[in-house]
Structures are given as structure tokens and as C-alpha cells.
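Single-structure report; data block below.
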Amino acid sequence: MTDYSDEYRPRDLIPLQRTFLRLMVDRPELATHVKSFIWTLMWRGFGEQDLSEIDMRTCEVLGQNVACLDPASLRQIGDQPYLFRVLSAEASPHPARVDLRGFSIFENGAAGLPPPPRFEATRDRFRTCPFLADWGSMNAANVDCRARGHNRAGQLPDIWMEDGSPVRITPDLLLFHKACQLRDIYWDAACNTKGSIYQHEAIGPQSLFTTTGADDHRKLRKAVGGSFWSVGTLKKTWEAKIDDLILNWVRNRKRPSENGKTIILSNKTSEFAADVMTMVLFTKPWGFVQNDRDERGMLHAWRVGTSLFGLAVRWRFMREVILSSKLKDYILPKMSDEWGNGWLMAQGAREISDRHTKLQKKGKGESVPSFNDVLQTAIDARIDDEPLNDTQRLAHMTLLIQAGADTTGTGLGATLRLILTHPKVLAKVREEIATADAKGLLSNPVVQYDETKRHLPYLSACIRESLRLHPPIPNLFSRLVPPSGDGKTIDGFPIPPGTQMLSHAVVVQRDADAFGPEPTDEFRPERWLESEERSARMEGYMYTFGMGPRVCLGKELALMEMHKLVPEVLRRFGVEVLEEGRYCACGGIAYLQPGLMVRLTARE
Ligand code: HEM
């Protein structure tokens with residue numbers, strides 16, 4: 001019998017797995033004892049062809065027995081008949097696994113569609129549309145269903161490897177799911193390059209978010225980031241203006257025609273956040289609050305559009321064929337549109353042009369007020385002493401509205417939903433607000449950011465807990481291990497050069513080692529209040545706003561909005577929840593679907 005021991009080296013997964021397969025081939029009777037088999041890091045040293053052969057072999061030996069079988073090669077999945085054979089075998093792979101792999105944006109992307117089909121439907125989909133299986137580029141979409149699946153109790157946890165080893169989504173893309181692994185991925189300056197799916201023009205010119213190279217990103221971030229986004233500047237320059245918006249928002253809700261009326265509160269919070277963004281960008285908000293509506297359907301278009309956006313960047317066929325043809329005129333938003341993302345871009349362009357006119361007048365000595373908004377910082381920004389051009393400025397403005405409006409709105413809506421649907425939590429929050437109010441610790445008419453943090457610790461804990469449990473951007477943000485070099489080791493796992501590494505907030509923020517011992521899929525604000533030391537440790541594991549050099553630019557702004565509007569809603573209104581909706585992760589973003597439907601009644 002072959003001696004396998006020389007190839008068996010703990011932690012050295014490749015020889016280990018290779019050896020294991022040889023053992024199974026030699027002694028197929030042992031395969032009946034195998035319950036689950038997942039290839040990990042198996043591709044190193046193999047070409048695609050070899051991988052396919054290895055998979056064939058694996059499926060032959062293990063396909064009939066194991067409950068969870070994960071082949072190694074995923075490219076050209078549609079051309080691999082053995083996969084269908086495995087899928088249709090009696091002992092099929094774990095359905096959640098197949099969901100994860102075989103599930104595309106088509107099934108999963110659009111709101112309102114039925115829940116993800118099990119592998120039967122997935123298999124049918126491949127039969128009819130094998131070209132959908134361009135996994136090399138579409139892979140990332142599929143992890144969305146992990147977030148969704150997680151809500152369907154019991155489906156996903158068992159696909160994680162107990163020892164924390166990464167889950168391979170495609171041959172060169174690894175998903176890490178332990179919170180302790182995050183720092184090694186996102187704080188490593190050598191890996192601050194984003195994967196190639198960000199390099200596309202389907203969504204316009206490069207912005208902070210789509211800049212892939214570490215150096216280019218650093219320069220752009222330095223130019224358009226900076227102290228503007230610090231908590232100190234935001235408080236000094238913008239908090240009073242945000243107060244005005246909150247007062248308007250509250251006034252709308254208190255109008256006789258509105259008081260006691262059924263509303264979708266989570267949509268109203270998004271409208272508020274959208275106006276904060278447009279105000280911070282251009283000084284004068286675009287009217288979401290003033291007109292008490294989703295102006296030009298921008299929020300709606302954003303939610304619907306992210307599925308297309310996801311498809312455009314991840315599906316090579318879409319990106320390279322469809323969007324390079326005339327068809328793109330029918331698919332992508334246009335500046336001539338009267339609504340949605342097209343209108344957003346057109347309005348952004350008008351704001352920029354209007355600003356140039358005003359600055360020219362100022363240059364001629366006319367009386368024009370000074371601006372201290374984001375647009376002004378983009379006009380003043382320099383990269384290597386060169387100003388940005390207007391296309392770059394517009395890309396920046398568009399990105400900020402998209403990145404900061406509905407995301408923060410979802411953060412607000414989800415926090416209110418979780419508080420309102422947990423009666424004990426709600427009672428504690430109300431009591432905390434009432435006590436602080438009675439002591440005169442909360443400003444009137446609008447609570448200040450610092451006051452909530454200092455005097456409403458339980459409410460602050462609710463916000464953190466909501467951001468942990470229901471992150472508004474449950475997306476995959478990949479970083480690249482330098483293609484040349486020795487690769488990298490994370491948590492003891494060797495990662496080959498050229499690998500894309502990523503994580504997912506929904507998954508990682510349920511890691512019991514980081515956020516336990518309380519059940520991590522439950523809303524327990526108390527976990528943040530046990531001790532400062534524990535709370536700081538958990539904060540270090542939070543991935544909701546990303547981490548490292550590409551951490552969210554608007555994190556402090558989003559937190560400020562949440563620490564102001566949430567207490568204001570709860571102290572100004574009685575709230576009857578008519579339909580709580582559900583947290584829905586879709587196309588890389590999340591929102592409440594169909595929404596948090598409530599009746600607000602003004603309190604004296
Ligand atoms: C609760 C609300 C928000 C959440 C959950 C959130 C989440 C995130 C995450 C996870 C990233 C990191 C992406 C990566 O690693 O590549 C990010 C980046 C970014 N966010 Fe936010 N964000 C929020 C609000 C905002 C706001 C209000 C703004 C407005 C300024 C904003 C602007 C940005 C920008 C510009 C980036 C790209 C930063 C870079 O690559 O340098 N976000 N956000």
C-alpha cells in the first residue's frame with residue numbers, strides 16, 4: 001500500500017488533500033465514511049484542465065456518498081457534465097453549498113422575488129442558460145445568498161469549516177469568516193489592491209471606491225478625504241444644519257394630515273439620509289425632506305439598480321459584450337433621464353457647472369458666499385499638484401450620494417426596527433431617554449451627537465448592535481495578495497500569490513469567538529455594555545464600515561445621523577409597528593423589505 005505519511009503535513013492543505021484523494025482512490029470502501037469534502041487551496045500548481053480532472057476523480061469516488069461535496073474547479077461550470085451528475089445524485093451536495101455556488105443574481109438579486117431556489121432550480125437554470133456560469137467573474141454575487149440564507153435558520157452555519165479555514169468561492173477567491181482574520185486582510189498595506197471586478201467603466205469614471213491600485217487610491221483619498229470627514233469638523237460645520245433637517249422631518253410627520261398615518265418609516269429615514277448627503281455635498285439639500293418624498297425616484301432606482309450594477313461588474317459577458325455594444329444605451333442610466341441615477345448624475349453635473357459660474361463671479365469681485373461643502377473640497381483637491389477634472393468631481397459626488405444615502409437610511413431603519421420589535425429593549429430605551437430628558441441632559445429641539453453618546457449609552461449600544469446584526473452594506477470587498485512574491489499567511493493558512501481575499505459583514509459579525517458568548521444572531525445590545533474592554537475588542541472586529549486604508553469615508557457622518565435621528569423619533573413619537581418587514585441583503589446592499597411600516601403619533 002502507498003505510504004501517504006510523507007505527504008501529510010498538518011496545515012499544508014494542498015499535499016494533505018491530494019493525499020486524501022489518492023487514499024480514497026486506492027481504498028474506495030473508506031469513502032463511505034466521508035460525510036463532507038471541500039477542496040481548499042487546491043488549485044495551486046494546477047492548470048484548469050488538471051483541476052477539472054481532479055474534480056472528476058473526486059466526484060467519481062466521493063460523489064455518491066458525501067453529503068457535502070465541493071469540487072475544486074468552478075470555471076466553465078456549465079461545461080462540466082459531472083457537476084450535473086453530482087447535483088442530481090441521490091446524495092447531493094449540501095443545498096446551501098449549491099445555493100452559494102450555483103446561485104446567480106438572476107434568482108437572488110431583485111427584491112420581491114421568491115426566496116432562493118434549492119439546487120433543483122439552480123440546475124435547471126444552468127441547463128437553460130449555461131452561459132450564466134461565468135464564475136470567474138460572477139462569483140462574488142453568490143455570497144449574497146449567504147447573508148440571505150443565514151436568515152433562513154440552520155442552512156449555512158454548517159458549511160463553515162470549524163477550524164476557521166477560508167471558504168473558496170472560485171479558484172482564486174477566498175472568503176474569510178473569522179473576525180480575527182480581518183486585520184490581516186484589510187490592514188496589510190501590501191494587499192491594498194482591489195480585485196479586477198472593480199475595473200470597469202459600466203458605472204462611470206474611477207472614484208475612490210473603484211480605484212484598484214493602492215498608490216492611486218492613497219493619492220485620491222488624500223485629495224478628497226481629509227479633515228472634512230472628521231467628527232470634529234462634522235460637528236462644527238454640519239451638525240446644526242442636520243438639526244434643521246431633523247426638525248423639518250419631524251414637522252412633516254406631525255402635520256395633521258400625516259399624524260397617525262401609516263408610513264414606511266425605513267423609507268422615510270432613507271429620504272432623510274439622502275438629504276443629509278446632498279446638503280453636505282452642495283450646501284442646499286435636494287428636497288427629499290422638504291418635499292417629503294423620494295426625489296426623482298433616486299432611492300428606488302438605487303435599490304433596483306444595484307442588481308444590474310452587480311451583474312455588470314461581475315458577469316464578464318455582460319461587461320465585455322453587452323455593455324460594450326449599443327445595448328448599453330438602453331441598459332445604463334443616462335444624463336437625459338428624468339429620474340433615478342441618470343437624473344442624479346445630471347443634477348450633480350448642473351451643481352458643478354453652477355458652482356463654476358459662481359466662483360467666476362467671485363473672481364470678478366461680485367458678492368458670492370463662500371462654500372465649505374464637499375463640492376468645494378473636490379474643486380480645491382489636487383493630485384500631484386493637478387486639479388481633478390469635472391468628470392472626476394462628478395464621479396466623486398455621485399459615489400458619495402450612492403454610498404451614503406440609502407446605506408445610512410437602512411442603518412437608521414434597521415436600528416428602529418430592532419428596537420421597536422423588542423419590547424424590553426424599547427422600554428429601556430424610552431426610560432433612558434426620559435430620565436436624561438428630565439435631567440436636562442438632552443438638547444431641545446434636537447439631541448446632539450455627543451449627548452447621545454454620553455447620556456444614552458443603552459441607545460448607543462442598540463445602534464452598534466444593529467450595525468453588527470444588520471449591516472447596511474453586506475458586500476464583498478476584495479483585496480489582492482501581491483501576484484509576485486511568496487503569498488501570505490492568515491491565521492495559519494497559506495494564501496497563494498494572486499489570490500483575492502475578502503470577507504462579509506453578515507457572516508463575520510456573527511462569529512461567536514468575537515461577539516459571543518451570547519447567541520450572535522440575536523439582538524442583544526447588552527453585549528456592548530458589559531465592560532469597556534469587551535466593547536472595544538468587539539468594535540475592533542466590526543466590519544460594517546470596512547477597515548484599513550479604505551475604511552468608509554462617511555463613517556462618522558453616518559454614525560452622527562444615527563445618534564441623532566433615532567433618539568429624536570423615539571422621544572417625539574409613539575410608534576405602532578404594523579409590519580416589521582425583514583432585513584434583505586440584495587445586490588451587495590441591504591434594506592428593509594418591504595419596509596418597516598408604522599403609525600407614528602406625535603407625543604406631547
Ligand atoms: C451606515 C452607513 C454606511 C455603511 C454601512 C458604509 C459602509 C462602507 C464600507 C463597508 C466601505 C468599505 C468598502 C471597501 O472596503 O472597499 C465603505 C466605503 C466608502 N464609503 Fe461608506 N458606508 C456608509 C455610509 C457612508 C456615507 C454617509 C458616506 C459619505 C461620505 C460614505 C462614503 C464612502 C466612501 C467614499 C467609501 C470608499 C472609501 C475608499 O475606498 O477610500 N459611506 N462604506
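Order of appearance sets the numbers: ligands from 1, and atoms from 1 within every ligand. Heavy atoms only: backbone and side chains are in, while hydrogens, waters and symmetry mates are out.
- Of all protein N, O or S atoms, those under 2.8 Å from atom 21 (Fe) of ligand 1 number 1.
- At least one N or O atom of Arg221 sits closer than 3.5 Å to an N or O atom of ligand 1.
- Considering backbone and side-chain N/O atoms, Trp229 never comes within less than 3.5 Å of an N/O atom of ligand 1.
- The distance criterion of under 3.5 Å between nitrogen or oxygen atoms is met by His217 with respect to ligand 1.
- Annotation: atom 35 (C) of ligand 1 to nearest protein heavy atom, Leu400 CD2, 3.6 Å.
- Arg550 O, 3.7 Å is the protein heavy atom nearest to atom 12 (C) of ligand 1.
- Between Tyr591 and Tyr583, the gap from one ring centroid to the other reaches at least 6.0 Å.
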Distance-only check: which donor-acceptor pairs under 3.5 Å involve side-chain atoms of residues 554-562, not counting sequence neighbours?
| unit_1 | atom_1 | unit_2 | atom_2 | d |
| --- | --- | --- | --- | --- |
| Glu556 | OE1 | Tyr449 | OH | 3.2 |

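- In this structure, Lys241 places its NZ atom where more than 12 heavy-atom neighbours from other residues, nucleotides or ligands lie under 6.0 Å away.
- Using a 4.0 Å cut-off between heavy atoms, Leu399 contacts ligand 1 through its side chain alone, with no backbone atom that close.
- Shown here are the salt bridge (charged side-chain N to carboxylate O under 4.0 Å, His left out) partners of Lys235, two or more places apart in sequence or in another chain: Asp450.
- Take Asp513 and apply the salt bridge (charged side-chain N to carboxylate O under 4.0 Å, His left out) test, not counting sequence neighbours, and it matches Lys178.
- Here Arg479 has side-chain heavy atoms under 4.0 Å from ligand 1, and that is the only part of it that gets that close.
- At a threshold of 4.5 Å between non-hydrogen side-chain atoms, the residues Asp511 and Thr520 do not count as touching.
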